[in-house]
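Here is the naming used below: chain letters follow the sequence lines, and residue numbers restart at 1 for every chain.
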Protein chains: 2
Amino acid sequence: MKVGPDIAMIGALVGDPARANMLTALLAGQALTAGELAREAGVTAQTASSHLSRLEAGGLLTQRKQGRHRYYALSGEDVAGVLEAMMGLAARTGHTRVRTGPKEPALRRARVCYDHLAGELAVGMLEHLVARGFVIEATDALTLTPTGETFMQALGLDLPALAAARRPLCKGCLDWSVRRTHLAGALGAALLDRFYALGWARREPGTRLVSFTPRGLGAFREIFGVAPQNDAETDSGGDGETEATA
Amino acid sequence: MKVGPDIAMIGALVGDPARANMLTALLAGQALTAGELAREAGVTAQTASSHLSRLEAGGLLTQRKQGRHRYYALSGEDVAGVLEAMMGLAARTGHTRVRTGPKEPALRRARVCYDHLAGELAVGMLEHLVARGFVIEATDALTLTPTGETFMQALGLDLPALAAARRPLCKGCLDWSVRRTHLAGALGAALLDRFYALGWARREPGTRLVSFTPRGLGAFREIFGVAPQNDAETDSGGDGETEATA
DNA sequence: CGGAGCCTTCGGCGCGCATCGAAGCATTGG
DNA sequence: CCAATGCTTCGATGCGCGCCGAAGGCTCCG
């Protein structure tokens, strides 16, 4: 009985602004040091330390010592998924400023979600994969079909290696901007890596932005049939997420 | 732009044990009164009231006045989705025991709601009554038409007696399985009684379950045109907690 | 109408915890 | 060895808010 308290613990962890800022910063997928997270959250190192151990004790974060640094990262993809879902909720319930910030549109277009692609492009991609029968979308479960495997291998993915990993191959992740499922899991991560390797896109350092080159966008659209709309540039710069404001 | 604080607000709402209990209680889908939720959360009515307005202000709950009760329900499927995702997280991080409620499907199909029928069967029945012009459904108000009166009398209902009662003849009542209105009021209660009398169905003692006999289900479907799908059995007893009562 | 049930608002109490200053370990580098 | 950096622990402070008792508003019922 009493499942309430359990989810309350998760909620309470996310419920503090400082911790929420840390978590959203870590949504970018890369591990950050305690100091960076403190700055990100706008609190002192002591306070951040307290928050971080709390988050780790709660199972949301993993920690790795390296030299005199302590690197923190989300403990898993599911954490990222829940956070994204909560962002979506916050957006829908309208208690968030709908005021679109300067770099919002680009984020909405293509960004990294933990280790895979998110945003309109990602949603469109999955949509296309499903339409062509490469992926089957049941309730909450995604499966790669045999023809889908062929397709992925043609893209240059090493499927056997992916299948060998303990990690689930396909997973759905709710996208907060589009409010639709996009592809996560080992396959989602591998695809994003492939896009980088092909020179189609690259990370904007310090942000969650994924910016596609014109050539990459063209290739992406040709293969995945995602609607055009050029997002083109990203102003970059900026701090690390959370803030921005005009 | 502060996306952090937004998810922090959601988190904080879920983060309080009392509120978390309310939310998980509502996760079953059915709307509950403020009092029931107070009991569910183990707090007094005043405290619950405060929590509920907070949850409503936060956009997680919707509220509907019905008589001297105030029914609260999750504001949408996405809220339920986020809550379940959080429960999943809590389960994974090992800070909880998972409890799966395997008694739900039958309840979803047909159950008693106070004194009338609820569940898919009930929603389908009202749908049919409206489609055939026996009942007119305005916003929040249901009216029995003359042809509807004839129909009810053909079923063996004593309409004059029902009309004589102080109790409103027709009333709408929220149902969670289809998130639609089903028929309550004196007519709804009389219909359920009639089903019992006809031997179509009977209560499972100690639960809210209403189990139809095969013959009764057939007759019901013939008359009200509700989609087939045999509900077959009802498992075990279950606790019954939350709700019910008279 | 008056009484009862359901719920909300108001006021005050008290705990929890986020926060920061200062000090204590650890690691790196000279 | 000492100094510097990165992070943690300790202690104290203050605010937020969860909680309930009491009182008021609605609604239903006889």
How would you list, by chain and number, every residue that makes a side chain to side chain donor-acceptor pair (under 3.5 Å) with B:S50, sequence neighbours excluded? none
Any residue meeting side chain to side chain donor-acceptor pair (under 3.5 Å) with A:T44, in chain and number order, not counting sequence neighbours: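 Counting only residues at least two positions away or on another chain, A:T44 forms a side chain to side chain donor-acceptor pair (under 3.5 Å) with A:Q46, A:T47.
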Quick one: on DNA chain C, does A:H51 or A:K65 contact a more 5' nucleotide (nearest heavy atom)? A:H51
Partners passing salt bridge (charged side-chain N to carboxylate O under 4.0 Å, His left out) against B:R54 (at least two apart in sequence or in another chain): none
How would you list, by chain and number, every residue that makes a salt bridge (charged side-chain N to carboxylate O under 4.0 Å, His left out) with A:E77, sequence neighbours excluded?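 For A:E77, the residues satisfying salt bridge (charged side-chain N to carboxylate O under 4.0 Å, His left out) (neighbours in sequence not counted) are A:R167.
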Reported CG-to-CG distance for the pair A:L37 and A:L32, which is rounded to 0.5 angstrom: 5.0 Å
Can you tell which of D:dC19, D:dG18, D:dT27 lies closest to the side chain of B:R54? D:dG18
By ring pair (Phe, Tyr, Trp, His ring centres under 6.0 Å), which residues pair with B:F151, not counting sequence neighbours? B:F134
Got a sec, which residues hit ring pair (Phe, Tyr, Trp, His ring centres under 6.0 Å) with A:H116, two or more places apart in sequence or on another chain?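 Once residues adjacent in sequence are excluded, the partners of A:H116 under the ring pair (Phe, Tyr, Trp, His ring centres under 6.0 Å) criterion are A:H182.
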I'd like to compare against my own output: the B/S/- annotation of nucleotides 2-16 of chain D with a strict under-4.0 Å heavy-atom distance to protein. --BBSSBB-------
Mind checking B:A38 for me? I need base, sugar-phosphate or nothing, with any heavy atom below 4.0 Å counting as a touch. nothing
Taking any atom closer than 4.0 angstrom to a non-hydrogen atom of chain B, what span of DNA chain C does the protein reach, first nucleotide to last? C:dA4 to C:dT9
Could you tabulate the donor-acceptor pairs under 3.5 Å formed by side-chain atoms of residues 9-19 of chain B, not counting sequence neighbours?
from  : atom 1 : to    : atom 2 : distance (Å)
B:D16 : OD2    : B:A18 : N      : 3.0
B:D16 : OD2    : B:R19 : N      : 3.2
B:R19 : NE     : B:L13 : O      : 2.8
B:R19 : NH1    : B:H51 : ND1    : 3.1
B:R19 : NH2    : B:A12 : O      : 3.1

